[in-house]
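Both backbone and side-chain heavy atoms feed into the values below; hydrogens, waters and symmetry mates do not.
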Amino acid sequence: MSSYFTDLAQQYIDGEWRPGSGSWDIIDFNPYDDEKLASITIATVDEVDQAYRAAARAQKEWAATNPYARRAVFEKALRLVEEREEEISEAIVAELGGTRLKAAFELHLAKEFLREAIHLALRPEGRIIPSPVDGKENRVYRVPVGVVGVISPFNFPFLLSLKSVAPALALGNGVVLKPHQNTPIVGGSLVARIFEDAGLPGGLLNVVITDIAEIGDAFLEHPVPKVISFTGSDKVGRHVATVCASLFKRSVLELGGNSALVVLDDADLDYAVDAAVFSRYVHQGQVCMAANRVLVDRSVADAFTEKFVAKVTSLKAGDPRDPATVIGPVINSQQADALTGVVEQALAEGATALVRGARTANLVEPSVLTGLPADSALLQHEVFGPVAFLIPFDGEEEAVRIVNDTPYGLSGAVHTGDVERGVNFAKQIDTGMFHVNDGTVHDEPIVPFGGEKHSGSGRLNGDAMLDAFTTVKWISVQHGRSGFPF
């Protein structure tokens, strides 16, 4: 595992591994024990330009390559991930502070998305559309956009880099990937190494490890990329969307959430507790789909709360290398500080801590809060960590109002003994995704993934990848002769 952090602590540009030419280094730390994993000299604006130019050069030939030949690269990449699963898992544990359970979860999904990329290479189909003009044939071709810029986050960096990189490549595009500064190896260099070893032609995929303080908006503003795929916060997403719109670029935005898991009066409470605890505390709550808010019908609130608190207090927090650990560290001290502040603000506003987790460095143990005032700003925002808000409600109508009372609309879940009651509830919620009798955290390769409101725009997965990373071109053929009025 350690060789990943020494061998891959470089930029990958135009098929070459090389140091950046910036004047300072990004230091990659293990968030649990603060061990220094790697030091990476950052890429400059010039290197961002070199990466995009390389992708543009390589893309033309790649787009003309038989899609069956392109497909073979993804088949090999999948085999490599399977062969290196233990090493990649160790890297996830070290760089992210992810638990063994989380690493397995991320790798399972990554393999599923690579399997879908294999099929995606053959998915684009053309159409012939009738014309009102005699002798005319209208052909509609689906073609690659050219070059895609991908910006991935720190929470599921391997999966969420692959999720845009693999489909974009499979569909005939070149790619430049900028991973998050806290996860430059797992979210960046490691992805490049796998595709390099899988036989992807040099220059098609480039990884630039850098910081906005160094490059500003150069990654977004560069003239080469036609699409920017961004996963991260809504604040940064708004900026990405604004810059892209001003330059007539397409942006695909997978942003934050403030999801709710709702327990109706006829729910299986033990099952609902299991779903709610997983939905809030998986990967320390650092998941965009996590259940920030747990809404419970007042008639079952006491029984649910007792079971929920008991389960939360049983979760083992500590060293993510220990297979028994469920709660590892959050990604950095700023996140830990913010979470401590959330709990303190909630208590100051009158909330009650049913569980108040201790903090040791970046290890933030779970908290469960109830009695937060309905108008608290904390209920409007995403809390990216292991803090749950329990909220009682009286009847479905009030539950729907509370769930929708947020700027976000990503995911959610409802628990009920009547499936159709659950589906009817789900239809009333302003989200891109909603789940009946399950958790809030789900992603599948062929189901449209994305959010409404401040949770983003556009969709990924399955056929949505065609909309994200290809465009359509109309070519007409006049087999006869057109008549012109002059």
Enquirer: Taking side chain to side chain contact (heavy atoms under 4.5 Å, CB included) as the test, write out the residues that go with Phe248, two or more places apart.
Expert: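 Side chain to side chain contact (heavy atoms under 4.5 Å, CB included) check on Phe248 returns nothing, list empty.
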Enquirer: Check the angle between the aromatic planes of Phe154 and His180 and answer parallel, tilted or perpendicular using the 30° and 60° thresholds.
Expert: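 Perpendicular: the ring planes of Phe154 and His180 meet at over 60°.
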Enquirer: Does a side-chain N-to-carboxylate-O contact under 4.0 Å join Arg53 and Glu47?
Expert: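 Not counted as a salt bridge, because no side-chain N and carboxylate O are separated by less than 4.0 Å.
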Enquirer: Answer yes or no: is there an ion pair linking Arg193 with Glu196, defined by an N-O contact shorter than 4.0 Å?
Expert: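 Between Glu196 and Arg193 there is a salt bridge, with a charged N closer than 4.0 Å to a carboxylate O.
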Enquirer: Sort and list the pairs that fulfil salt bridge (charged side-chain N to carboxylate O under 4.0 Å, His left out) and have at least one residue in residues 165-185, not counting sequence neighbours.
Expert: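 Of all non-adjacent pairs touching residues 165-185, none passes salt bridge (charged side-chain N to carboxylate O under 4.0 Å, His left out).
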Enquirer: Assess the side chains of Tyr408 and Asp234: does a donor N or O sit below 3.5 Å from an acceptor N or O?
Expert: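 A pair is found: one side chain offers a donor N or O, the other an acceptor, under 3.5 Å apart.
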Enquirer: Checking Lys60 now: which residues fulfil salt bridge (Lys or Arg N to Asp or Glu O under 4.0 Å) with it, not counting sequence neighbours?
Expert: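 Partners of Lys60 by the salt bridge (Lys or Arg N to Asp or Glu O under 4.0 Å) criterion come out as none, since no residue qualifies.
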Enquirer: Might you confirm whether atom CZ of Arg18 has over 12 heavy atoms from other residues, nucleotides or ligands at distances under 6.0 Å?
Expert: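 Yes, because the 6.0 Å sphere around CZ of Arg18 holds more than 12 heavy atoms from other groups.
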Enquirer: Can you say whether the rings of Tyr52 and Phe219 are parallel (under 30°), tilted (30 to 60°) or perpendicular (over 60°)?
Expert: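 Geometry flag for Phe219 against Tyr52: tilted rings.
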Enquirer: Within a strict 4.5 Å, meaning less than it, do heavy atoms of the Glu116 and Glu444 side chains meet?
Expert: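 Sidechains of Glu444 and Glu116: no contact.
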Enquirer: What I want to find out is whether Glu83 reaches Arg79 closely enough, with some N-O distance under 4.0 Å, to be called a salt bridge.
Expert: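 Here Glu83 does not pair with Arg79 in a salt bridge, since their nearest N and O are not under 4.0 Å apart.
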Enquirer: Should we count CD of Glu61 as having more than 12 external heavy atoms under 6.0 Å?
Expert: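 Open.
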Enquirer: Please answer whether the main-chain N or O of Lys102 pairs with a side-chain N or O of Thr99 as donor and acceptor at a distance below 3.5 Å.
Expert: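 Answer holds: yes.
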Enquirer: For a side-chain contact (heavy atoms from CB on, under 4.5 Å) check, start with the C-alpha distance between Tyr281 and Val326, then their side-chain angles and the critical distance, and finish with the verdict.
Expert: CA-CA 8 Å; Tyr281 297 106; Val326 176; 5.7 Å; no
Enquirer: Are a donor atom and an acceptor atom from the side chains of Arg356 and Ser367 found within less than 3.5 Å of each other?
Expert: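 Side-chain D/A pair, Arg356 to Ser367: absent.
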Enquirer: Do other residues, nucleotides or ligands put more than 12 heavy atoms under 6.0 Å from the CD1 atom of Ile212?
Expert: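 Atom CD1 in Ile212 is crowded, with more than 12 foreign heavy atoms closer than 6.0 Å.
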Enquirer: Find out whether Leu378 and Val342 are in side-chain contact, i.e. whether some heavy atom of one side chain is under 4.5 Å from a heavy atom of the other.
Expert: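 Sidechains of Val342 and Leu378: in contact.
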Enquirer: Can you confirm whether the side chains of Asn332 and Asn182 place a donor and an acceptor under 3.5 Å from each other?
Expert: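 The criterion, which ignores hydrogens and geometry beyond distance, is satisfied for Asn182 and Asn332.
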Enquirer: Using side chain to side chain contact (heavy atoms under 4.5 Å, CB included) as the criterion, list what pairs up with Ile27, not counting sequence neighbours.
Expert: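 Checked Ile27 against side chain to side chain contact (heavy atoms under 4.5 Å, CB included); matches are Asp25, Phe29, Lys36, Ser39.
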Enquirer: Within the 4.5 Å heavy-atom criterion, are Thr231 and Ile151 side-chain neighbours or not?
Expert: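 They are not in side-chain contact.
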Enquirer: If we ignore hydrogens and angles and just use 3.5 Å, is the side chain of Ser279 paired with the main-chain N or O of Ala290 as donor and acceptor?
Expert: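 A pair under 3.5 Å: no.
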Enquirer: From Ser411 OG over to Met433 CE, what is the distance, rounded to the nearest 0.5 angstrom?
Expert: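 Separation between the atoms: 5.0 Å.
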Enquirer: Please tabulate, one pair per line, all N/O donor-acceptor pairs under 3.5 Å involving side-chain atoms of residues 162-169, not counting sequence neighbours.
Expert:
unit_1	atom_1	unit_2	atom_2	d
Lys163	NZ	Asp443	OD1	3.3
Lys163	NZ	Asp443	OD2	2.6
Ser164	OG	Ser229	OG	2.7

Enquirer: For the side chain of Asp430 and the backbone of Lys453, is there at least one donor-acceptor N/O pair under 3.5 Å apart?
Expert: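 No, because the side chain of Asp430 does not come within donor-acceptor range (under 3.5 Å) of the backbone of Lys453.
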Enquirer: I'd like to know whether the aromatic ring centres of His283 and Phe156 sit less than 6.0 Å apart in this structure.
Expert: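 Yes, close enough.
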Enquirer: What distance separates Ile209 CD1 from Ile185 CD1, expressed to the nearest 0.5 Å?
Expert: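 Ile209 CD1 to Ile185 CD1: 5.5 Å, rounded to 0.5 Å.
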Enquirer: Under a 4.0 Å N-O cut-off, is there an ion pair linking Arg71 with Glu75?
Expert: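 So Arg71 pairs with Glu75 through a salt bridge.
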Enquirer: Looking at CG of Leu120 and CZ of Phe113, how far apart are the two atoms once the value is rounded to the nearest 0.5 Å?
Expert: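 Going from the CG atom of Leu120 to the CZ atom of Phe113 covers 11.5 Å.
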Enquirer: Does the side chain of Val176 reach to within under 4.5 Å of the side chain of Leu205, using non-hydrogen atoms?
Expert: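 Val176 vs Leu205: side chains apart.
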Enquirer: Taking C-beta and beyond as the side chain, do Pro31 and Val330 meet within less than 4.5 Å on heavy atoms?
Expert: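 Side-chain contact under 4.5 Å: no.
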Enquirer: Does the Thr440 side chain pair with the main chain of Met289, one donor and one acceptor, at a distance under 3.5 Å?
Expert: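 Judged by distance alone, yes, a pair lies under 3.5 Å.
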Enquirer: Whether the side chain of Arg293 engages the backbone of Val403 through a donor-acceptor N/O pair (distance < 3.5 Å, no angle test) should be reported.
Expert: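 Here the side-chain-to-backbone pair exists.
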Enquirer: My understanding is that only residues two or more places apart in sequence, or in another chain, count here; which of them pass side-chain hydrogen bond (donor to acceptor under 3.5 Å, both in side chains) with Lys226?
Expert: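 Once residues adjacent in sequence are excluded, Lys226 has no partner under the side-chain hydrogen bond (donor to acceptor under 3.5 Å, both in side chains) criterion.
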Enquirer: Can you measure from CG (Leu37) to CD (Glu95) and round to the nearest 0.5 angstrom?
Expert: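 Leu37 atom CG to Glu95 atom CD measures 6.5 Å (nearest 0.5 Å).
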Enquirer: Has the side chain of Arg250 got a donor or acceptor atom that lies under 3.5 Å from a matching backbone atom of Val227?
Expert: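 Here the side-chain-to-backbone pair does not exist.
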Enquirer: Measure from the side-chain N and O atoms of Gln284 to the backbone N and O of Pro329, and report whether any donor-acceptor pair falls under 3.5 Å.
Expert: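 Yes.
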Enquirer: So does Asp197 pair up with Lys76, basic N to acidic O under 4.0 Å?
Expert: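 No salt bridge links Asp197 with Lys76.
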Enquirer: Under a 3.5 Å distance rule, please check whether Gln50 uses its side chain to pair with a backbone N or O of Asp14 as donor and acceptor.
Expert: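 Checked: no pair found.
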Enquirer: When rounded to the nearest 0.5 angstrom, what distance separates CZ in Arg280 from CG in Leu315?
Expert: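 Result: 12.5 Å between the selected atoms.
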Enquirer: Of all residues at least two apart in sequence or in a different chain, which pass the side-chain hydrogen bond (donor to acceptor under 3.5 Å, both in side chains) check with Asn404?
Expert: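 Checked Asn404 against side-chain hydrogen bond (donor to acceptor under 3.5 Å, both in side chains); zero matches.
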Enquirer: Taking only residues two or more places apart in sequence, or in another chain, which ones meet Lys311 in a side-chain hydrogen bond (donor to acceptor under 3.5 Å, both in side chains)?
Expert: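 Only Asp274 meet the side-chain hydrogen bond (donor to acceptor under 3.5 Å, both in side chains) criterion with Lys311.
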Enquirer: Quick one: list whatever passes side chain to side chain contact (heavy atoms under 4.5 Å, CB included) with Val236, sequence neighbours left out.
Expert: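 Once residues adjacent in sequence are excluded, the partners of Val236 under the side chain to side chain contact (heavy atoms under 4.5 Å, CB included) criterion are Phe230, Ser233, Val240.
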Enquirer: Name all pairs fulfilling the ring pair (Phe, Tyr, Trp, His ring centres under 6.0 Å) condition that reach into residues 188-212, sequence neighbours left out, sorted by first residue then second.
Expert: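 Of all non-adjacent pairs touching residues 188-212, those that pass ring pair (Phe, Tyr, Trp, His ring centres under 6.0 Å) are Phe74-Phe195.
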Enquirer: Under 3.5 Å, is there a donor-acceptor pair between the side chain of Ser376 and the main chain of Leu372?
Expert: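 Here the side-chain-to-backbone pair does not exist.
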Enquirer: Mind checking whether Val150 and Ser161 have side chains closer than 4.5 Å, heavy atoms only?
Expert: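 Not in contact.
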Enquirer: With sequence neighbours left out, what residues match Glu112 under side-chain hydrogen bond (donor to acceptor under 3.5 Å, both in side chains)?
Expert: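 For Glu112 the side-chain hydrogen bond (donor to acceptor under 3.5 Å, both in side chains) partners, ignoring immediate neighbours, are Arg115.
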Enquirer: Taking the side chain as every heavy atom from C-beta outward, state whether Val252 and Ser457 have any pair of such atoms under 4.5 Å apart.
Expert: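 SC-SC contact between Val252 and Ser457 ruled out.
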Enquirer: Starting at OG of Ser21, measure out to CD of Gln11 and round the result to the nearest 0.5 Å.
Expert: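 Here the interatomic distance stands at 8.5 Å.
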Enquirer: How far apart are the closest heavy atoms of Ile331 and Gln286, and which atoms are they?
Expert: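 It is N-OE1, 3.0 Å.
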Enquirer: Would Lys111 and Glu85 pass as an ion pair if we require N to O under 4.0 Å?
Expert: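 The answer is yes: the pair qualifies as a salt bridge.
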Enquirer: So Pro179 and Pro157, do their side chains get closer than 4.5 Å, heavy atoms only?
Expert: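 No. Closest side-chain heavy atoms not under 4.5 Å.
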Enquirer: Just checking, is any N or O donor in the side chain of Asn258 or Glu382 under 3.5 Å from an acceptor N or O on the other one?
Expert: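 No - no donor-acceptor pair under 3.5 Å links their side chains.
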Enquirer: Listed by chain and number, what are the side chain to side chain contact (heavy atoms under 4.5 Å, CB included) partners of Glu214, not counting sequence neighbours?
Expert: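 Applying side chain to side chain contact (heavy atoms under 4.5 Å, CB included) to Glu214 gives Trp24, Ile42, Thr44, Thr210.
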Enquirer: Could you check whether Asp467 pairs with Arg459 (Lys NZ or Arg NE/NH1/NH2 to Asp/Glu carboxylate O, under 4.0 Å)?
Expert: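 Looking at Arg459 together with Asp467, the answer is no, because their closest N to O distance does not fall below 4.0 Å.
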Enquirer: Whether Arg100 and Asp322 form a salt bridge (side-chain N of Lys/Arg under 4.0 Å from carboxylate O of Asp/Glu) is what I want to check.
Expert: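 Judged by the 4.0 Å cut-off on N to carboxylate O distance, Asp322 and Arg100 do not form a salt bridge.
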Enquirer: Do any N or O atoms from the side chain of Arg142 and from the backbone of Leu466 form a donor-acceptor pair under 3.5 angstrom?
Expert: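 Indeed, once roles are kept as given, a pair shorter than 3.5 Å links the two residues.
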